[in-house]
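Take a look at the structure below.
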Amino acid sequence: MRATPASLASEPDLAAAEPFSERLLAWYQHAGRHALPWKVDPTPYRVWLSEIMLQQTQVSTVLKYFDRFTTRFPDLQTLAESEEDAVLAAWTGLGYYRRARNLWRAARQVADEHGGQFPDSIEALQDLPGIGRSTAGAILALAFDQRATILDGNVKRVLCRIHGITEWPGKREIEQRLWRLAESHTPASDVAAYTQAIMDLGAKLCTRRNPACEECPVRDLCAARSLGLTGQIPAPAPRARLPERDACMLVVEDSNGHVLLERRPEQGVWGGLWCFPEYPDSEDPKVAVQRLADCPETVMLMREQMRHQFTHYRLNLTLCHVRIPDRAPLQVGERSLDWFAPEELSTVGLAAPVVRFLKPTRQH
DNA sequence: CAGGCGTGGTT
DNA sequence: TAACCAAGCCT
């Protein structure tokens, strides 16, 4: 028997006494998601990458990016030696772009500080940018089969129901309790399978809406079920009304189809990505163009209204389309501006308005 | 330490 | 349509 960690002592003896993890493992053998690409070949690099991509992002979305990304960056060495822009380009469309910049930085840190080998301690993992407590636990459990614990949205939902926790799981006190519960359920062996099992249970049976309780291997342990509270757990997050913001951007094209883009600052929305230059609402667009590029003739083509929906606010965009005769010299100043030929656009990270500008059915 | 950070899916 | 959310982390 291994010693019980001190952090588990305060939570009543669940792990030792009840067959929770064993039932999950048995269910997982025949009903789990065994075909996920990061599960089929669970190297530390692939598990790490998948965990970063999966932060606040659904599996179905990640599946569209994962294989393409690992083909372009097959190992940590390749990633560490690549340009940040190439990583952002591969991440374009996935969202939360700080994840991509942190991914690139973490790869360089592992190369520099750990000789290119992924560390296998919780402290060293959490020291890498973009890796927090849960992601570190996931890497240890899934890639190294160490006794470590995760607490993601799936696990929170499962544990809230099993233990009949009716308060919002994001609340600090509740989250701390959930960590203790998650640790107490984690078995000493088969940690990789157990960790995947509890996530798969949350994804396939214990879903937010219409959970398949009849098929659940631990339904007789479920407090929410016995209390008739399954539909009300987990409690929704308290939210404020959606605010709106306004912005104006210039779409400057020359006669050869080159586009003028600006690299956005790292801290805000679309951080580090290339986007149409913003200009103040109060400014005349022609003057705004003059501030960016030295071009004598400016032809205003059209104004376009575009709404962009984020999680926490709505962005009302005014796009001002402008054509100039040829690539004009840039009036750089503080801003990071550059002209892009059409074929260059796939080599850098592009913000959503640019992606939408490139794709759409522009049949004229 | 609440709030910021994206996109696509569901209801 | 608009709200809500999905394998969280960082400041």
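Proteins get letters first, then strands, A, B, ... in listed order; numbering begins at 1 in each.
Among the heavy atoms of the strands lying under 4.0 Å from Ala352(A) are primed sugar atoms or P, OP1, OP2 only; no base atom is included. If you check every strand for non-hydrogen atoms under 4.0 Å, Lys156(A) touches nothing. Using a 4.0 Å heavy-atom distance criterion, Leu94(A) is classed as a base contact. Note on Gly93(A): only backbone sugar-phosphate atoms sit closer than 4.0 angstrom, heavy atoms only; bases stay farther off.
Here dA7(C) presents its P atom at 18 Å from CD1 of Ile139(A), a figure rounded to the nearest Å. The interatomic distance linking Met53(A) (CE) with dC9(C) (C1') rounds to 17 Å, in whole Å. Here dC10(C) presents its P atom at 10 Å from CG of Leu128(A), a figure rounded to the nearest Å. Taking atom CZ on Arg101(A) and atom C1' on dT11(C), their separation rounds to 13 Å, with Å as the unit. Straight-line distance from the CG atom of Leu88(A) to the C1' atom of dG6(B): 14 Å, rounded to whole Å. Atom OH in Tyr313(A) sits about 13 Å away from atom C1' in dT7(B), given to the nearest Å. One atom, NE2 of His312(A), and another, P of dA3(C), lie 13 Å apart when rounded to the nearest Å. Atom NE2 of His308(A) and atom C1' of dG8(B) are 11 Å apart (whole Å).
With dA7(C), dG8(C), dG9(B) as the choices, the nucleotide that has an atom nearest any side-chain atom of Gln196(A) turns out to be dA7(C). Of all nucleotides listed (dA6(C), dC5(B), dG8(C)), dC5(B) comes nearest to the side chain of Arg245(A). When each of dA6(C), dG4(B), dC9(C) is scored by its nearest atom to the side-chain atoms of Ser134(A), the top-ranked nucleotide is dC9(C). When each of dA7(C), dG9(B), dC5(B) is scored by its nearest atom to the side-chain atoms of Val269(A), the top-ranked nucleotide is dC5(B). Ranking dG4(B), dA6(C), dT11(B) by closeness to the Arg98(A) side chain, first place goes to dG4(B).
Residue whose closest nucleotide on DNA chain B sits further toward the 5' end, between Phe310(A) and Arg209(A): Phe310(A). Projected onto DNA chain B by closest heavy-atom contact, Arg172(A) and Gly271(A) fall at different nucleotides, the more 5' of which corresponds to Arg172(A). Comparing Thr135(A) and Arg314(A) against DNA chain C, the residue whose closest nucleotide sits nearer the 5' end is Arg314(A). Closest-nucleotide positions on DNA chain C for Arg307(A) and Val59(A) were compared, and the one nearer the 5' end corresponds to Arg307(A).
Ring geometry for His308(A) versus Trp270(A): interplanar angle over 60°, hence perpendicular rather than tilted (30 to 60°). Aromatic ring pairs are classed by plane angle as parallel below 30°, tilted from 30° to 60° and perpendicular above 60°; the pair Phe276(A) and Phe357(A) is perpendicular. Relative ring orientation between Trp91(A) and Phe69(A) is described as perpendicular, the plane-to-plane angle rising above 60° on a 0-90° scale split at 30° and 60°. The aromatic rings of Trp38(A) and Phe66(A) lie perpendicular to each other, with more than 60° between the two planes, well past the 30° mark.
No hydrogens or angles were tested; on distance alone, nothing pairs the side chain of Thr61(A) with the base of dG8(B) as donor and acceptor under 3.5 Å. Checked by distance alone, Thr57(A) brings a side-chain donor or acceptor within 3.5 Å of a matching partner on the base of dG6(B).
For the residue pair Asn102(A)/Arg99(A), the side-chain donor-acceptor check at 3.5 Å is not satisfied.
Residues Arg72(A) and Ala86(A) approach most closely at NH2-CB, 3.7 Å, considering heavy atoms.
Neither OP1 nor OP2 of dA7(C) sits under 4.0 Å from any side-chain N or O of Gln55(A). For Lys171(A) and dC1(B), the shortest distance from a side-chain N or O to OP1 or OP2 is not below 4.0 Å. OP1 or OP2 of dG6(B) has not a single side-chain nitrogen or oxygen of Arg99(A) nearer than 4.0 Å. Here Tyr97(A) reaches the OP1 or OP2 of dT7(B): one of its side-chain N or O atoms lies under 4.0 Å away. An OP1 or OP2 oxygen of dT7(B) is reached within less than 4.0 angstrom by a side-chain nitrogen or oxygen of Trp270(A).
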Would Ile233(A) and Ile165(A) count as a side-chain contact (heavy atoms from CB on, under 4.5 Å) if you check the C-alpha gap in whole Å, the side-chain angles of each, and the deciding distance to 0.1 Å?
CA-CA 7 Å; Ile233(A) 297 177; Ile165(A) 297 172; 5.8 Å; no
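Rounded to whole Å, the P atom of dC5(B) lies 23 Å from the corresponding atom of dG9(B). Here the separation of dA7(C) from dA2(B), taken at their C1' atoms, is 23 Å to the nearest Å. Only the P atoms considered, dG8(B) is 23 Å distant from dC9(C), to the nearest whole Å. With C1' as the reference atom, dG6(B) and dC4(C) are 15 Å apart, rounded to whole Å.
A side-chain hydrogen bond (donor to acceptor under 3.5 Å, both in side chains) with Asn316(A) is found for one member of Glu244(A), Arg245(A), Arg307(A) and no other, namely Glu244(A). Of the options Asp152(A), Thr186(A), Val218(A), Val155(A), a side-chain contact (heavy atoms from CB on, under 4.5 Å) to Ile198(A) is made by Val155(A) and by none of the others.
Between Ile139(A) atom CD1 and Ile52(A) atom CD1 the span is 6.5 Å, to the nearest 0.5 Å.
Contact check of residues 24-49 of chain A against DNA chain C (heavy atom, cut-off under 4.0 Å) returns Arg33(A), Leu36(A), Trp38(A).
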